[in-house]
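A, B, ... follow the sequence lines: proteins, then strands. Residue 1 opens every chain.
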Protein chains: 2
Amino acid sequence: MRIGELAERTGASRRLLRYYEEQKLISPGRSDNGYREYAEFHVGRVMQIKGLLDAGLPTRIIRQILPCLDQPRSIYFDDLTPEMVAILEREHDHLTQRIDCLTRNRDSIAEYLETVRRMKTQGAPIDRAA
Amino acid sequence: MRIGELAERTGASRRLLRYYEEQKLISPGRSDNGYREYAEFHVGRVMQIKGLLDAGLPTRIIRQILPCLDQPRSIYFDDLTPEMVAILEREHDHLTQRIDCLTRNRDSIAEYLETVRRMKTQGAPIDRAA
DNA sequence: TCCGACCCTCACATCGATGTGAAGGTCAAA
DNA sequence: TTTGACCTTCACATCGATGTGAGGGTCGGA
């Protein structure tokens, strides 16, 4: 498929798809006239990139971990340097930190909304500051 | 405490602490000479802001949800508009999406590292692409 | 044949989160 | 009293993720 269709199906602008390519996050083929040619799997790939980007990871890191998230693997274990393992371990821990932070705050919001809803049905304000 | 100590204890630069204030994420007092005065609780608050920022939330959103994450509450239920509830619900869902995305990718990394480790002890490469 | 809807590259603009530095005030200790 | 380590505001710089638009090629259908 060409860039327009991929843009429509992923919600990423054409500009952004070209940017992801420049950042080496995706590598579409080219047809004779120079148009980018995307395969079906690029849809999921772009969604994944968008998700990680939205979650605060820079393209630099995404580029590093992406090849390890594929099934089948595009990085073979033989090629894996100790440095790369270290990067992955660091990013794994970093992701866990982010997840914990987000989870804590999400749960606080949930709890707050829960209280608000109880409030509405019972109609009595509570002063939790006391 | 003054800005220097807070910066040291939180790892946020002085510049950034002033920026958070400008963005209305924190409101330190002022001493007679004009110096910002931070309280103990600001340490945790700044850590929380840093975490959310690092997780990809913009200050605009953090500002909206922060008052609801406090215990005691700084927003009382009476003040809570339906719009605010809608914002919180939207952000709650958005956070859940981010968490899911990060969790999926973290688990992929973990699984990959796990395989790498099994590899090392057993010494035989596996071709999962087959 | 030519128009409209695609595509290309290139480059400058914007926005949010930061860094950096200038010009100057406060204050404690030598 | 002066020096050094703080603090203030202001403003410009940078970096990454995006938008926008110019100038131009491709191609299918009226």
Quiz item: Given atom CG of B:Leu16 and atom P of C:dG16, what is their separation to the nearest angstrom?
Solution: 15 Å
Exercise. Measure from the side chain of A:Gln23, starting at C-beta and using heavy atoms only, and say which of D:dA17, C:dC8, D:dG19 lies closest.
Key: D:dA17
Quiz item: Can you find a side chain N or O atom of B:Ser13 that sits less than 4.0 Å from OP1 or OP2 on C:dG19?
Solution: yes
Exercise. Apply the test salt bridge (Lys or Arg N to Asp or Glu O under 4.0 Å) to residues A:Glu40 and A:Arg9: give CA-CA distance (whole Å), side-chain angles for both, the deciding distance (0.1 Å), then the verdict.
Key: CA-CA 11 Å; A:Glu40 195 57 33; A:Arg9 287 178 61 186; 2.5 Å; yes
Self-check item: Shared hydrophobic cluster for A:Val46 and A:Tyr35 (ILVMFWY, side-chain gaps under 4.5 Å)
Solution: no
Self-check item: Matching residue for B:Arg2 among B:Arg36, B:Glu37, B:Arg14 - test: side-chain contact (heavy atoms from CB on, under 4.5 Å)
Solution: B:Glu37
Quiz prompt | side-chain N/O B:Thr59 vs C:dG16 OP1/OP2, d < 4.0 Å | solution = no
Exercise. Would you kindly give the CD-to-P distance between B:Glu22 and D:dT8, to the nearest whole Å?
Key: 14 Å
Practice problem: Just compare C:dC8, C:dT18, D:dT9 and give me whichever is closest to any side-chain atom of B:Tyr19. | Solution: C:dT18
Quiz item: Could you state the CZ-P distance from A:Arg30 to D:dG25, rounded to the nearest angstrom?
Solution: 17 Å
Practice problem: Look at the side chain of B:Arg18 against the base of D:dT9 and say whether a donor-acceptor pair falls under 3.5 Å; ignore hydrogens and angles. | Solution: no
Practice problem: Write down the distance between CD (A:Glu21) and C1' (C:dC7), rounded to a whole number of angstrom. | Solution: 13 Å
Quiz item: Are any of the side-chain heavy atoms of A:Ile65 and A:Cys68 separated by less than 4.5 Å?
Solution: no
Quiz prompt | Of the listed nucleotides D:dA11, D:dT26, C:dC6, the one nearest the side chain of A:Arg14 | solution = C:dC6
Practice problem: Whole angstrom is fine here: how far is it from CG in B:Leu53 over to C1' in D:dG16? | Solution: 14 Å
Practice problem: Assess whether atom CZ of A:Arg30 is packed by more than 12 heavy atoms of other residues, nucleotides or ligands within 6.0 Å. | Solution: yes
Quiz item: Taking atom P of D:dT26 as reference, at what distance in whole Å does atom CD of A:Glu37 sit?
Solution: 16 Å
Quiz item: Is the number of heavy atoms from other residues, nucleotides or ligands within 6.0 Å of CD (A:Gln23) greater than 12?
Solution: yes
Practice problem: Between B:Leu57 and A:Gly34, just flag the one whose closest nucleotide in DNA chain C comes earlier from the 5' side. | Solution: A:Gly34
Quiz prompt | Rounded interatomic separation in angstrom, taking CZ from A:Arg15 and P from D:dA22 | solution = 16 Å
Quiz item: Where along residues 1-11 of chain A does a heavy atom come under 4.0 Å from DNA chain C, residue by residue in number order?
Solution: A:Arg2, A:Ile3, A:Gly4
Exercise. For A:Asp32 and for A:Tyr20, find the nucleotide of DNA chain D with the closest heavy atom, then tell me which residue's nucleotide is more 5'.
Key: A:Tyr20
Quiz item: When the distance from CZ of B:Arg36 to P of C:dT26 is rounded to whole Å, what number comes out?
Solution: 15 Å
Quiz item: Would you say D:dC7 has OP1 or OP2 under 4.0 Å from some side-chain N or O of B:Asn33?
Solution: no
Quiz item: Could one point to a donor on the side chain of B:Tyr35 or the base of C:dG25 with an acceptor on the other under 3.5 Å away?
Solution: yes
Exercise. Find out if a path of hydrophobic residues (ILVMFWY) with successive side-chain heavy-atom gaps under 4.5 Å connects A:Leu102 to B:Met47.
Key: no
Quiz prompt | Nearest heavy atoms of B:His92 and A:Ala110, plus distance in Å | solution = NE2-CB, 3.6 Å
